[in-house]
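In what follows, a single structure is set out as C-alpha cells and then discussed.
Quick note: numbers below take in every heavy atom, side chains included, and nothing from hydrogens, waters or symmetry partners. Keep in mind it's a predicted model, so treat the numbers as computed, not measured. Every chain is numbered from 1, with letters handed out A, B, ... down the list of sequences.
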Amino acid sequence: MGPLLIWALRMVDDFAEDILTAWADSRQLRERAEQTCGSSESKAALDAYLGDLLACGLRLPTFSHAGQRAVANTYIAGITGASVSQVNSRLRRTTWLDYKLQFPGPCPLPTPIRGRIDGQPWTEHLDYAEIAGLMRHLGTACFIALSFLTGMRPGEVLGLRSGCCPDPDEGRPLIHGHVFKSARDEDGNHVSQGQMREVPWVAIPPAATAIRVLERMAPDGGLLFDAAAHDFPLHRPYPGSLSRATVTKRVEDFITWASALATASNRAREAIPADPHGAVGTERFRRTLAWHIARRPGGLVALAIQYGHMRTAVSSGYASRSRDGIHDLLDVETARATADALATLHEDLAAGTGVSGPAARRAIHAAAHAPAFAGSIRTARQARDILRNPTLAVHDNPHAFLMCVYNRDKALCHRLDTRDTPTLNRCVSTCANIARTDHHAAQLTAQAGALEEQAASGLVPVPLADRLRGRAAAFRDLVHQHHNARITTQENPV
DNA sequence: CACTCACTTATTATCACCTA
DNA sequence: TAGGTGATAATAAGTGAGTG
C-alpha cells in the first residue's frame, strides 16, 4: 500500500482513539484554567509547582509560538489549578525567562497511549500544544481513507453527513451520499444541495471506520466535514463543509507530518515521496493517490492486493459506477507505469544492455512494442487494452531486483488463484517469469556489497552477520548467473 | 491584575484561467 | 458551458508579551 495510505489508515485505525481522548482531556484542562479565578490557595499551588521544577531542574512546559519558545501559560494554569493571569505574571520574571530558554519542555497530557506501531507505542505522550494539530490530521486522514477506499469524488466525500453509513444487519455497510455534480430536479433546475445518490457506495471496513471517527468529530446529523467542527482549536463559525482549497492544504500538511513521523520512528522507507506533479489538488488528488499506488516501489504490490480486493469487493455491487470512480485512474496510472518500464527497457536494450533469465526473450519482445504507445495513454480504455495485452505484461519489481514478465500459467507467486496480475511481494526465485537486466545486476552487486559491509562492521551479532553474508553470497551468485546468461538485442535480433 | 498590541495561523471568498 | 484549478486578498480570533 502506498505510504500515504499506510499513514492515513494507521491514523484512522490505531491512533484515532488516543487522539480523540487526548483532545477531550485537553479541552477539560483548558476549561478549568479559564474558569479559575485567582486565589491565595491557587497561587500557593502554582508556587509549589514552580518550586519543584526549579529544585529538581525539571523542564518548563513550553511550545513553539511565533517561531520561538513560549511558556504554555494555559497548560500550567490547568495542571496547577491557578488562574492564567497568575501564571502569566509569575513567569514574567527574568529568572523564568532565562529558565524557559535553558530548560524548554513539552506539555504532556495524562492520556494513556494505546495505539501501537509494531507493538511499540506510536508516541511517548500526546502534547497539549500539538493535539489540535493532530485532530486536524485525523480529519484529513479520514478524508484520504474515504477518497481512496470508495473512489468518491472530493466533493462527494465532503458532502457526507453523520449517519450516512448505518450498521447493516448483514453484508457490507453502505455509504449513502449526496451527488452534487449535475444534480437537477425534474424541471431541469440546478439543485444546490445535490440529490441522494440512488446507488450507494460500498464501504470496506477501513472506510466505515473512518466514518465512525468523523461522526465523533462532527455535529449530530450534520456534515461529517463541518468546517466549524473541524476548525481546531478555534471552532470558528464557518458555514458548510471544509472548502476544497482547505482540504488541499490539509492533505499537504498531512504528508509533511506523516513523513516526519516516519523518519522519526525509523521508517524512512515509509516517508511519503514528493509528487512530481507538484502540490496535490483535490480533484487531482485521486489521480495522485493512483500515482502513489501504481508508481512507488512496492506500489504495484499494493495495487495487486488492494486493487484486486476492491475489484471483488466493489465492482459486483455497482459495476456501472466504477466507470467514473478511481478504477479508471488506477488503470491509467498502472498502464503508464508499465509503458514507462517498457520504454526504459527498450532504450536500455538499444544501448546494448543485456538481459538474462527465463523470461528474457519475452521481455525483449515486449520492449519492441513499447515505442508505439509510450506517452500516449490518456483514456482508461487505452489503459485497459495495454493491461489486458499479455505480451506487454512487464512489471518492474525493484524490491526483488528483477522484472516480472507476467504469464499466468507460468507464475509461481499464486498458483491457486487465477488472477490477471502478479503478486509481486511473493516473487519466487525459480519463477519462469523472471528477467534481469544489467541494471538489476548492478543493483544486486551494490546490495551485496552493502550487506557484506554491514556484516563486517562488527555492529551486528554473529548469527545475524552470517545471515547477511549468506544473502550477499546469494545475490552475487545471481549476478554471476546473469553475466553468464545475458543476451543483448545486437546479438539476438528479435 | 486588566488591558492592549503585535504576531501568527487557518480559513473562506474571489478572481482569472484552463479544459473536456 | 459547466466545472475544475491555482493564486491572492481578506478576515477573524487566539496567544504571549508588554504597559500602566
Side-chain angles (χ1 to χ4, degrees), chain A residues 26-27 29-31 33-34 36-40 42-43 46 60-78 82-94 96-101 104 107 128-137 139-140 153-159 179-184 188-192 194 223 225-254 256-257 275 277-288 324 328-329 332 378-381:
Chain A
S26 81
R27 289 309 88 184
L29 198 70
R30 199 177 96 124
E31 206 171 306
E34 279 172 348
T36 305
C37 298
S39 67
S40 49
S42 67
K43 190 184 252 178
L46 173 64
L60 185 68
T62 59
F63 65 95
S64 172
H65 177 74
Q68 48 192 349
R69 302 311 297 183
V71 178
N73 285 348
T74 316
Y75 171 78
I76 296 174
S83 79
V84 178
S85 52
Q86 280 177 326
V87 177
N88 197 0
S89 55
R90 186 53 46 100
L91 290 178
R92 202 181 318 145
R93 297 176 186 171
T94 44
W96 287 108
L97 293 178
D98 291 345
Y99 197 88
K100 173 185 78 179
L101 295 173
C107 314
Y128 176 81
E130 290 166 6
I131 190 65
L134 286 176
M135 283 295 280
R136 193 167 169 266
H137 289 319
T140 313
R153 295 167 192 287
E156 291 166 343
V157 176
L158 294 175
V179 178
F180 287 88
K181 204 188 171 196
S182 63
R184 289 169 195 286
N189 298 314
H190 195 79
V191 181
S192 60
L223 293 159
F225 288 93
D226 185 272
H230 280 262
D231 181 35
F232 302 103
L234 309 185
H235 290 306
R236 286 163 289 191
Y238 297 121
S241 284
L242 290 170
S243 72
R244 169 188 57 78
T246 303
V247 174
T248 308
K249 181 80 175 64
R250 284 186 169 209
V251 171
E252 284 165 20
D253 292 347
F254 180 81
T256 310
W257 174 80
D275 181 346
H277 297 109
V280 182
T282 45
E283 177 55 32
R284 219 179 51 199
F285 175 60
R286 298 197 305 163
R287 171 154 289 143
T288 309
D324 64 345
D328 283 358
L329 291 172
V332 169
R378 297 198 162 271
T379 68
R381 176 180 292 269

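Residues A:Pro233 and A:Arg27 have side chains in contact (heavy-atom distance under 4.5 Å, counting atoms from C-beta outward). At least one side-chain heavy atom of A:Leu91 sits less than 4.5 Å from a side-chain heavy atom of A:Ile76.
Rounded to an integer number of Å, the gap from A:His235 NE2 to C:dA12 C1' is 16 Å. For the pair A:Asp231 CG and C:dT11 C1', the interatomic distance rounds to 12 Å; values are reported in whole Å.
Among the protein residues, A:Arg250 comes within range of the sugar-phosphate backbone only, with heavy atoms under 4.0 Å from sugar or phosphate atoms but none that close to a base. When heavy atoms are screened at a 4.0 angstrom cut-off, A:Ser83 is found touching no nucleic acid atom at all.
Comparing atom distances between the A:Leu242 side chain and each of B:dT12, C:dG14, B:dA10 picks out B:dT12 as nearest. Comparing C:dT15, B:dA2, B:dT12 against the side chain of A:Thr246 picks out B:dT12 as the nearest. Side chain of A:Thr74, nearest nucleotide from C:dG16, B:dT12, B:dA2: C:dG16.
Contacts of A:Arg136 classified as salt bridge (Lys or Arg N to Asp or Glu O under 4.0 Å), with partners at least two apart in sequence or in another chain: A:Asp253. Residues meeting the ring-ring contact (aromatic ring centres under 6.0 Å, His included) test with A:Phe225, sequence neighbours left out: A:Phe143, A:His230. Under the salt bridge (Lys or Arg N to Asp or Glu O under 4.0 Å) criterion, A:Asp231 pairs with A:Arg236, sequence neighbours left out.
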Derivation and outcome, side-chain contact (heavy atoms from CB on, under 4.5 Å), residues A:Phe232 and A:Leu134: CA-CA 9 Å; A:Phe232 302 103; A:Leu134 286 176; over 6 Å; no

Listed pairs, N/O of protein and of nucleotides 18-20 of chain C, under 3.5 Å:
| residue | atom | partner | partner atom | Å |
| --- | --- | --- | --- | --- |
| C:dT19 | O4 | A:Arg92 | NH1 | 3.2 |

Atom pairs under 3.5 Å: protein N/O with N/O of nucleotides 4-6 of chain B:
none

Below 3.5 Å between N/O atoms, which protein atoms pair up with nucleotides 15-19 of chain B? Just atom names and distances, please.
none

